[in-house]
Protein chains: 2
Amino acid sequence: MTKAAAATPHDHAHCIASALAQADTLCEQRGARLTKNRRRVLELVWQSHAPVGAYELLERLREDGLSAAPPTVYRALEFLMSQGLVHRIETRNAFVGCPQPQHEHEAQYLLCEACGDAVEIDVGGVRRRIEALAAQHGFTVTAQTIEARGLCRRCQPADA
Amino acid sequence: MTKAAAATPHDHAHCIASALAQADTLCEQRGARLTKNRRRVLELVWQSHAPVGAYELLERLREDGLSAAPPTVYRALEFLMSQGLVHRIETRNAFVGCPQPQHEHEAQYLLCEACGDAVEIDVGGVRRRIEALAAQHGFTVTAQTIEARGLCRRCQPADA
DNA sequence: TATGAACTGTTATGCTATAACAAAATCGGC
DNA sequence: GCCGATTTTGTTATAGCATAACAGTTCATA
Ligand SMILES: [Zn+2]
Ligand SMILES: [Zn+2]
Ligand SMILES: [Zn+2]
Ligand SMILES: [Zn+2]
């Protein structure tokens, strides 16, 4: 790990297992093919709650002894994102698993600059507010990126 | 130009002149050194309202006959951003001039996917809403990136 | 004009992402 | 099961974005 451990201690094995199980179910339902590679990349993405770069995933794949090149990873990520199983963190050029892949959505994120964790949130109405204001400019919104950086609960300075 | 012309026809020469004049004044006031290179990069950034990549700026600098390498551009951009004269568009790895550099602020952007233009907006209260929700998660926000993509007024499909 | 601080030049390198094409696996109809 | 069409994967090469490191220059000011 290049970053500190996950901000919130918890049964992370459960996070991983749950994410993979959901992915299996969803892809089954949708007739999408969660192939071995794709599933493995998803599992690697879920190794932590901190977004992970494509080339770090590539290293992990290679540690498996697999033959892998950048397109291997990027294709898998493209598929996983198309299925809503993974989101891209624009301000980090990195990827993180989605805990709520059942319903399609764009995620909003809190990104801890100390431990690296990404927390997906839903700031109710914010997207609609932005769409409404955009409309006043004659602008039709099709996608939004909302990412906040700062310090998570566990990484607050001690004098808080 | 690699993109279509600016979405809104207007006296863009005025945009450029105004931006440079404001930059001169602000840097003067602040004792910041708006050197020749930095001023030239700012002028180049302002050639359009569409965010421009660092390497495109580099090309333009070289067309001036100047010796320039990537750090030349990135250093200038770093300075201009530190002075609030330029904002970075995360979802495009590109940079755009700020029309309101007097007061320090983080910008929110509408990005047209057709003509490339970036419109800086202020969605009142959205940042505070996000900060408030973050606080509920024990999260202290220090910076936010809010970028919406879609179609600007002039780029709407004809059947609208 | 000496001196330190800020800025710039230059070379090299690292990280992120995709193009292009060949090979293999998978699926559906026969 | 076999075959052609489609999808996925392998492989090589390259494009695009950003910074490290160090040397040289300019600038403010004492
Ligand atoms: Zn977990
Ligand atoms: Zn943290
Ligand atoms: Zn203009
Ligand atoms: Zn447009």
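A note on names: the letters A, B, ... follow the listed sequences, proteins ahead of strands, and every chain is numbered from 1. Predicted model only: the values in this text are computed from it and were never measured.
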message: Give the residues of residues 25-42 of chain A touching DNA chain C, defined as any heavy atom closer than 4.0 Å, sorted by residue number.
response: A:Arg33
statement: Ranking B:Arg75 and A:Ala68 by the position along DNA chain D of their nearest nucleotide, the one closer to 5' is A:Ala68
statement: Per nearest nucleotide of DNA chain D, the residue lying toward the 5' end, A:Pro71 or B:Pro71, is A:Pro71
task: Applying side chain to side chain contact (heavy atoms under 4.5 Å, CB included), name anything that partners B:Ser18, two or more places apart in sequence or on another chain.
output: B:His14, B:Gln22
- request: Tell me, please, the opening and closing nucleotides of DNA chain D, 5' to 3', among those with an atom under 4.0 angstrom from a non-hydrogen atom of chain B.
  value: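 Boundary nucleotides touching chain B, in 5' to 3' order, are D:dC17 to D:dC27.
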Answer yes or no: does atom [atom1] of [X] have more than 12 heavy-atom neighbours from other residues, nucleotides or ligands under 6.0 Å?
X	atom1	answer
B:Glu78	CD	no
A:Glu104	CD	no
B:Glu28	CD	no
B:Arg128	CZ	no

Under a 4.0 Å N-O cut-off, is there an ion pair linking [X] with [Y]?
X	Y	answer
A:Glu56	A:Arg60	yes
B:Arg40	B:Glu43	yes
A:Glu90	A:Arg88	yes

- prompt: Transitively linked via ILVMFWY side-chain contacts under 4.5 Å: B:Trp46 with B:Val96?
  reply: no
What are the atom names and distances for every N/O pair under 3.5 Å that joins the protein to nucleotides 13-17 of chain C?
{"unit_1": "C:dA17", "atom_1": "OP1", "unit_2": "A:Arg88", "atom_2": "NH1", "d": "2.7"}
{"unit_1": "C:dA17", "atom_1": "OP1", "unit_2": "A:Arg88", "atom_2": "NH2", "d": "2.4"}
{"unit_1": "C:dA17", "atom_1": "OP2", "unit_2": "A:Tyr74", "atom_2": "OH", "d": "3.0"}
{"unit_1": "C:dA17", "atom_1": "O5'", "unit_2": "A:Tyr74", "atom_2": "OH", "d": "3.4"}
{"unit_1": "C:dA17", "atom_1": "N7", "unit_2": "A:Tyr55", "atom_2": "OH", "d": "2.6"}
{"unit_1": "C:dA17", "atom_1": "N6", "unit_2": "A:Tyr55", "atom_2": "OH", "d": "3.2"}

message: To the nearest 10°, give me the bend of the helix from C:dT1-D:dA30 to C:dC30-D:dG1, comparing the axes of its five terminal pairs at either end.
response: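 Axis angle across the helix from C:dT1-D:dA30 to C:dC30-D:dG1, nearest 10°: 30°.
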task: Search all heavy atoms of A:Pro51 against all heavy atoms of A:Arg92 and return the closest pair with its distance.
output: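 Between these two residues, the closest heavy atoms are CD-NH1, 3.2 Å.
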message: Checking one residue: B:Val123. Which other hydrophobic residues are in its cluster under the side-chain 4.5 Å linking rule?
response: A:Leu110, A:Val119, A:Ile121, A:Val123, A:Val126, A:Ile130, A:Leu133, A:Phe139, A:Val141, A:Ile146, B:Leu110, B:Val119, B:Ile121, B:Val126, B:Ile130, B:Leu133, B:Phe139, B:Val141, B:Ile146
B:Phe95 and B:Tyr74 aromatic ring geometry - parallel, tilted or perpendicular at 30°/60° bounds: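 Perpendicular: the ring planes of B:Tyr74 and B:Phe95 meet at over 60°.
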message: With a 3.5 Å distance limit and no angle check, can you tell me whether B:His137 reaches the backbone of B:Ala135 through a side-chain donor-acceptor pair?
response: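 Not at all, since once roles are kept as given, no pair shorter than 3.5 Å links the two residues.
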